[in-house]
*Asks:* 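The structure is given below, and queries will be raised subsequently.
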Amino acid sequence: MDKKKIIIDCDPGIDDSLAIMLALKSDELDVKGLTIVSGNVHASKGAENALRILKEIGRLDIPVYIGDGSPLERELITAEDTHGEDGLGETFLPRVEGVNYKEGAVDFILKSLREEDELSIIAIGPLTNIAKALETDKETMRKLKELVVMGGAFKSFGNCSQVAEFNFWVDPHAAEKVFNELHRNITMVGLDVTREIVLTPNYIEMLKQFKHPLADLIVKITKFYVDFHWAQERTLGCVINDPLAIAYFIDSSICSGEEYYVDIVTEGKAIGMSLVDEGDFYRKEANCLVLTEVNSKAFMEMFLTRLIPEHKKDILNVLNNPKYSYQNQKFDK
Ligand code: RIB
Ligand code: CA
């Protein structure tokens, strides 16, 4: 089976790191590179973190390219309160020596699109790099096979305001440009589905019992994030948004949704809000598949068994034991 070629545009970031791990543990994917955008942390810190994660999983062969550090128009607002001062849950992993990230995320995206057919982008940070690539060479960007975006919210409340999700809120002008000018198939993996993906204390305890290096890393980098979720919204565990975008790209049956025209608010109290035109008020062609349903159990099975295949049996036992796991009842037929 031909591998699906992707670039992951990200702002690592704790859940971005989990997404990178899942992508690189999935045989269906050919990850051409990581492009780094400012979001959870400034792109310079994100690029160092990308190298740290690649080193932890023995994949420093994957190239890392840094984008410009600032959103198109807004001042950069980062999220160290959520991801820790270092952006990796204050694990302060040692800086990777001997391997550097490169400049030119936008050039790498465009060069890859010129050289590769069937290339897709999984964008799990603010859309600044994607928008800048579109500004630079729209024709080449329209060669993109698929753009899967972790961002936005349809009927779910926001996480930066009542209505705005972080990636679109950090750079709403980039999101507006991408959704209105790319004219390629975009899938919006928004908070409506990612909020169902919670790494609960049960799963965290199971990971601890495995005494496995990657399981230990997941526990270590998510501890800060778990504490934030309890303090911020009384969630027990942590919402791991970004890996769902990877999992959906691998197996689209994990989620379902509807095609709508989506625009993004770029000013005022609702800045960053994704306006999903369910009522067809704009009278515009749909530009996006908005995901609204997710089989969270199927996601968790893919995520955990691919990262820790040695413990697949234990993972499935826990996932299928109603005592320990949550799952969308309607999917659990
Ligand atoms: O709103 C959640 C998104 O914002 C995730 O991608 C998280 O990593 C942050 O970038
Ligand atoms: Ca992210």
Side-chain angles (χ1 to χ4, degrees), residues 6-23 34-43 45-47 49-50 52-53 64 66-67 69 71 74 76-84 86-89 105 121-130 147-154 156-172 174-175 178 187-199 218 221-222 224-226 228-229 232-233 235 237-249 264 271-274 290-291 294 299 303:
I6 64 168
I7 288 172
I8 303 174
D9 190 73
C10 51
D11 58 334
I14 294 167
D15 56 335
D16 300 71
S17 301
L18 302 180
I20 292 165
M21 293 176 201
L22 176 60
L34 306 182
T35 49
I36 310 301
V37 63
S38 287
N40 290 321
V41 292
H42 187 278
K45 200 181 282 186
N49 286 341
R52 288 181 172 98
I53 295 302
V64 177
I66 188 171
R74 289 193 87 185
L76 175 62
I77 301 173
T78 52
E80 283 85 352
D81 63 327
T82 310
H83 292 262
D86 64 342
L88 288 180
I121 294 178
I122 317 296
I124 52 177
L127 293 173
T128 314
N129 290 334
I130 314 304
L147 175 66
V148 177
V149 174
M150 192 280 130
F154 177 20
S156 182
F157 54 95
N159 58 10
C160 282
S161 73
Q162 188 56 26
V163 293
E165 175 280 327
F166 179 82
N167 288 332
F168 290 6
W169 179 79
V170 164
D171 197 343
V178 170
T187 302
M188 188 176 104
V189 186
L191 294 174
D192 308 83
V193 289
T194 66
R195 277 210 165 97
E196 298 288 314
I197 308 299
V198 182
L199 195 65
I218 294 168
I221 65 171
T222 55
F224 187 97
Y225 204 37
V226 168
F228 170 82
H229 276 78
Q232 183 74 13
E233 55 183 57
T235 292
C238 56
V239 173
I240 51 172
N241 307 280
D242 291 336
L244 182 59
I246 300 290
Y248 170 78
F249 185 72
I264 284 82
I271 189 167
M273 178 178 184
S274 41
V290 177
L291 300 184
V294 57
F299 164 82
F303 177 69

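Note that these values count all heavy atoms, side chains included, but never hydrogens, waters or copies made by symmetry. Atoms within a ligand are numbered from 1 in the order they appear, just like the ligands themselves.
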*Asks:* Give the contacting part of N159 toward ligand 1: side chain, backbone, both or neither, where contact means a heavy-atom distance below 4.0 Å.
*Replies:*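 N159 to ligand 1: side-chain contact only, backbone stays beyond 4.0 Å.
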*Asks:* Can you sort out which atoms of ligand 1 are near D242, meaning under 4.0 Å from one of its heavy atoms?
*Replies:*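 Listed by number with element: 5 (C), 6 (O), 7 (C), 8 (O).
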*Asks:* Within a strict 4.5 Å, meaning less than it, do heavy atoms of the L291 and M188 side chains meet?
*Replies:*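 Result no, sub-4.5 Å side-chain heavy-atom pair not found.
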*Asks:* If you count the atoms of ligand 1 from 1 in the order shown, which ones are under 4.0 Å from a heavy atom of I124?
*Replies:*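 Ligand 1 atoms under the 4.0 Å threshold to I124: 6 (O), 10 (O).
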*Asks:* Decide whether D192 and S156 meet the rule of one side-chain donor and one side-chain acceptor closer than 3.5 Å.
*Replies:*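 Their side chains do not contain a donor-acceptor pair, so the 3.5 Å distance test is not met.
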*Asks:* May I ask you to check if any N/O/S atom from D242 comes under 3.0 Å of the Ca ion (ligand 2)?
*Replies:*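 So D242 does bind the Ca ion (ligand 2) by this criterion.
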*Asks:* Determine the sole option in D9, D11, L76 for which the side chain to side chain contact (heavy atoms under 4.5 Å, CB included) test with P126 is passed.
*Replies:*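 Looking at D9, D11, L76, the match for P126 under the side chain to side chain contact (heavy atoms under 4.5 Å, CB included) is D11.
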*Asks:* T222 versus I14: any side-chain heavy-atom pair under 4.5 Å?
*Replies:*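 In contact.
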*Asks:* Please confirm whether the ring centroid of Y225 lies under 6.0 Å from the ring centroid of H83.
*Replies:*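 Aromatic pair counts; centres sit under 6.0 Å.
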*Asks:* What are the atoms of ligand 1, with element, lying closer than 4.0 Å to any heavy atom of N167?
*Replies:*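 Listed by number with element, the hits are 3 (C), 4 (O), 5 (C), 6 (O), 9 (C), 10 (O).
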*Asks:* Which atom, among the N/O/S set of D11, is closest to the Ca ion (ligand 2)?
*Replies:*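 Going through the N, O and S atoms of D11 one by one, OD1 ends up nearest to the Ca ion (ligand 2).
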*Asks:* Which atoms of ligand 1 are found less than 4.0 Å from any heavy atom of E165?
*Replies:*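 Answer, ordered by atom number: 1 (O), 2 (C), 3 (C), 4 (O).
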*Asks:* Indicate yes or no: at least one non-hydrogen side-chain atom of S17 is less than 4.5 angstrom from one of N49.
*Replies:*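 Sidechains of N49 and S17: no contact.
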*Asks:* Taking only heavy atoms of D16 into account, list the atoms of ligand 1 that are under 4.0 Å away from them.
*Replies:*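 Listed by number with element: 8 (O).
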*Asks:* For a side chain to side chain donor-acceptor pair (under 3.5 Å) check, start with the C-alpha distance between N40 and D16, then their side-chain angles and the critical distance, and finish with the verdict.
*Replies:* CA-CA 9 Å; N40 290 321; D16 300 71; 3.0 Å; yes
*Asks:* How far is atom 8 (O) of ligand 1 from the closest protein heavy atom, and which atom is that?
*Replies:*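 Sorting protein heavy atoms by distance from atom 8 (O) of ligand 1 puts D15 OD1, 2.6 Å first.
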*Asks:* Under 4.0 Å from a heavy atom of N241: which atoms of ligand 1 are those, numbered in the order shown and with their elements?
*Replies:*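 That gives atoms 2 (C) of ligand 1.
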*Asks:* Backbone or side chain, does any N or O of D11 fall under 3.5 Å from an N or O of ligand 1?
*Replies:*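 Yes, D11 has an N/O under 3.5 Å of an N/O on ligand 1.
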*Asks:* Is the Ca ion (ligand 2) less than 3.0 Å from at least one N/O/S atom of G125?
*Replies:*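 It does not: G125 brings no N, O or S atom closer than 3.0 Å to the Ca ion (ligand 2).
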*Asks:* Can you name the atoms of ligand 1, numbered from 1 with element, that are less than 4.0 Å from a heavy atom of M150?
*Replies:*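 Answer for ligand 1: 2 (C), 3 (C), 5 (C), 6 (O).
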*Asks:* Return the CG to CG distance between L199 and L18, rounded to the nearest 0.5 Å.
*Replies:*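 The CG atom of L199 sits 7.5 Å away from the CG atom of L18.
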*Asks:* Quick one: do the N129 and T35 side chains pair a donor with an acceptor below 3.5 Å?
*Replies:*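 There is no such pair between these side chains.
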*Asks:* Between M21 and I53, is there a side-chain heavy-atom distance shorter than 4.5 Å?
*Replies:*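 They are in contact (side-chain heavy atoms under 4.5 Å apart), so the answer is yes.
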*Asks:* Please report, to 10°, the angle around the Ca ion (ligand 2) from atom OD1 (D16) across to atom O (I124).
*Replies:*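 D16 OD1 and I124 O form an angle of 140° at the Ca ion (ligand 2).
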*Asks:* What atoms of ligand 1 come closer than 4.0 angstrom to any heavy atom of N40?
*Replies:*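 Selected atoms, number and element: 7 (C), 8 (O), 9 (C), 10 (O).
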